[in-house]
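One structure, as structure tokens, below. Some questions next.
For clarity, every value in this text was computed on a predicted model and none was experimentally measured. Side chains included, hydrogens not; waters and symmetry mates left out as well; all remaining heavy atoms used.
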2 protein chains.
Amino acid sequence: MLHVLPKAADGHALPPQLLSPRPSLRQTVTTLQMPPRSTVFLEGFARGPQYRVIEGCVAVSQTLPDGRRQIIDMVGPGRLLGIGTGERNRCSAETLSYVVLEPVGKAEPVDLQAALHEMVLRGQALATLLGRKNAAERVASAILDLAGQFVRPAKGGKRGSICFTLYPTRGDLADWLGLTVETVSRCFTRLKRAGLIDFRQPEIVTLLKPEAMAQIAAGTATLANA
Amino acid sequence: MLHVLPKAADGHALPPQLLSPRPSLRQTVTTLQMPPRSTVFLEGFARGPQYRVIEGCVAVSQTLPDGRRQIIDMVGPGRLLGIGTGERNRCSAETLSYVVLEPVGKAEPVDLQAALHEMVLRGQALATLLGRKNAAERVASAILDLAGQFVRPAKGGKRGSICFTLYPTRGDLADWLGLTVETVSRCFTRLKRAGLIDFRQPEIVTLLKPEAMAQIAAGTATLANA
DNA sequence: CGATACGTTGATTGACTTCAACTAAGGTGG
DNA sequence: CCACCTTAGTTGAAGTCAATCAACGTATCG
């Protein structure tokens with residue numbers, strides 16, 4: 001429940017790098033801590049440094065002129081942020097939890113190519129999801145993806161079930177999946193009623209039937225006959 | 001009307017590289033010609049070589065288990081095909097016209113990183129389109145993209161108008177834009193009636209008002225008040 | 001000449017959005 | 001400590017955009 005505690009200063013509409021990623025007191029020489037809802041990069045501003053996410057969850061997004069937002073990727077531990085080549089950021093990046101970042105590229109040579117390639121693959125999967133999947137399939141795909149990136153050490157869960165922290169809010173998920181908050185919420189409710197997931201708080205989710213969920217995500221089974 | 005002439009053998013469900021990209025009689029030492037509707041790569045099969053598109057149009061796509069298809073990108077002259085790193089192709093690639101390909105990577109060192117980066121950017125733009133744009137905005141975006149990639153030498157067109165060959169069929173566009181054939185067709189009709197484009201044959205399109213089209217694509221204007 | 005593929009248009013349906021009301025949890029300040 | 005506000009989430013009812021279903025025109029091809 002880390003990300004429920006203190007509230008980040010609202011850095012929106014302000015140049016990034018100057019305000020938001022200010023180091024916390026516990027910063028070590030090589031890492032950077034940021035509170036939830038702070039801005040790592042801001043679309044359109046001068047490109048920032050590259051980071052590896054050590055801990056927490058970051059949402060990478062683009063915004064249309066009229067404010068519609070599309071989250072391009074959810075980035076968890078181990079993955080890279082800000083590998084662009086232009087002068088300016090093409091995407092914004094916002095922390096969805098307490099996040100620990102490590103600047104990269106200095107001493108340690110990262111495999112940029114592999115990271116870029118992973119981004120291409122994830123982008124393609126997202127395009128297929130957005131273009132051709134229905135609401136239930138999208139939500140199921142998202143749950144599987146996030147469960148993979150954010151599993152938490154299982155404390156006595158049943159065999160085969162996966163418990164994870166769902167950092168994005170329903171609204172974040174909607175902006176990722178091309179849906180609305182309400183539709184996302186309804187899908188969660190139906191998945192819960194169908195016994196595929198369980199949650200008391202909306203952000204601690206247990207994936208009870210990963211295989212069934214995968215079937216739904218792929219469109220080879222529907223919620224009706226699951 | 002190149003791509004209307006002969007019909008390619010249907011390479012679907014057959015291993016690629018063996019059947020489809022057979023060299024034409026006019027093949028030179030370094031390039032490869034392929035007829036319309038032939039398969040360059042097939043999703044799931046062993047990875048093929050990398051090509052640069054010299055001429056024509058190639059559609060890169062993914063398919064869900066039940067057959068729904070999402071076109072990930074339309075690739076025109078100058079751009080690269082098949083820059084993946086796994087063992088198997090993650091996407092299929094199909095020619096939409098007569099296509100001239102040039103194998104790359106041998107003597108000439110290509111800037112793979114730049115190509116990967118371009119793919120990431122285009123993928124992100126597609127995700128935003130699919131997740132957050134309505135039908136008219138999607139079609140407008142597609143027309144602008146294709147006009148850029150496939151302009152033809154203007155022969156006496158009016159100032160500011162751009163004439164191009166629309167290689168993809170309405171069905172291909174639908175699979176690219178996450179719509180149906182009918183919706184794409186209706187959008188074309190409306191854009192034509194609004195005076196933004198013109199066409200006699202459905203595949204030779206003239207973009208009459210690029211700026212107005214860009215407004216629609218961005219969502220800052222609607223077809224109603226254009 | 002019939003068969004097939006592509007495109008267009010109209011009528012109807014439906015999945016998701018929009019609008020609205022309500023609950024619960026946290027944070028603030030008197 | 002409690003009244004008050006804000007934010008997130010859920011649920012229901014109504015509305016809408018695009019999908020589906022259907023019919024038809026045209027061009028190509030065997």
_Going by the rule salt bridge (charged side-chain N to carboxylate O under 4.0 Å, His left out), which residues pair with R68(B) if we only count those two or more places apart in sequence or in a different chain?_
E137(A), D66(B)
_Whole-Å gap separating C1' (dA18(D)) and CG (L130(A))_ = 16 Å
*For atom CG of L96(A) and atom C1' of dA8(D), their distance in whole Å*: 14 Å
Anything under 3.5 Å between a donor and an acceptor, one on a side chain of residues 206-219 of chain A, the other on a protein residue two or more places apart or in another chain? List them.
none

*Could you encode protein contacts along nucleotides 11-16 of chain D as a string, one character per nucleotide from 5' to 3', using B for base contact, S for sugar-phosphate-only contact and - for no contact, with a heavy-atom cut-off of under 4.0 Å?*
BBB---
*Partners of E182(A) by salt bridge (charged side-chain N to carboxylate O under 4.0 Å, His left out), sequence neighbours excluded?*
none
*Apply ring-ring contact (aromatic ring centres under 6.0 Å, His included) to F150(A) and list each qualifying residue two or more places apart in sequence or on a separate chain.*
Y167(A)
*Quick one: salt bridge (charged side-chain N to carboxylate O under 4.0 Å, His left out) partners of R69(A), sequence neighbours excluded?*
E94(A), D172(A), D175(A)
*asked:* Which residues pass the side chain to side chain donor-acceptor pair (under 3.5 Å) test with R79(B), not counting sequence neighbours?
replied: D73(B), Q149(B)
*Is it true that a side-chain atom of Q62(A) and a backbone atom of I71(A) form a donor plus acceptor pair closer than 3.5 Å?*
no
*asked:* Once side chain to side chain contact (heavy atoms under 4.5 Å, CB included) is applied, do any residues pair with S92(B), and if so which ones, sequence neighbours excluded?
replied: L42(B), E43(B), S61(B)
_Distance alone, cut at 3.5 Å: any donor-acceptor contact between the side chains of K133(A) and S141(A)?_
yes
*Is there any side-chain hydrogen bond (donor to acceptor under 3.5 Å, both in side chains) pair reaching into residues 184-197 of chain A, and which pairs are they, with sequence neighbours excluded?*
none
_Using whole Å, what does the distance between atom C1' of nucleotide dA19(D) and atom CG of L179(B) come to?_
10 Å
*Could you tell me the separation between the CG atom of L166(B) and the C1' atom of dT8(C), rounded to a whole number of Å?*
15 Å
*Under 4.0 Å from any atom of DNA chain C, heavy atoms only: list the residues of residues 132-148 of chain A that qualify, in numerical order.*
N134(A), A135(A)
*Rounded to whole angstroms, how far apart are CZ on R170(A) and P on dA25(C)?*
15 Å
*When the C1' atoms of the five terminal pairs at each end define the local axes, what inter-axis angle does the helix from dC1(C)-dG30(D) to dG30(C)-dC1(D) show, to 10 degrees?*
30°
_Nucleotide nearest F199(B) (side chain, heavy atoms from C-beta), chosen from dT8(C), dC16(C), dT10(D)_ = dT8(C)
*asked:* Using OP1 and OP2 only, check whether a side-chain N or O of T169(B) sits under 4.0 Å from dC6(C).
replied: no
_Rounding to an integer number of Å, can you tell me how far R37(A) CZ sits from dT6(D) P?_
19 Å
*Find the distance F188(A):CZ to dT10(D):P and express it as a whole number of Å.*
8 Å
*Distance in angstrom units between Q201(A) CD and dA8(D) P, rounded*: 16 Å
_Set of residues satisfying side chain to side chain contact (heavy atoms under 4.5 Å, CB included) with respect to V181(B), sequence neighbours excluded_ = R170(B)
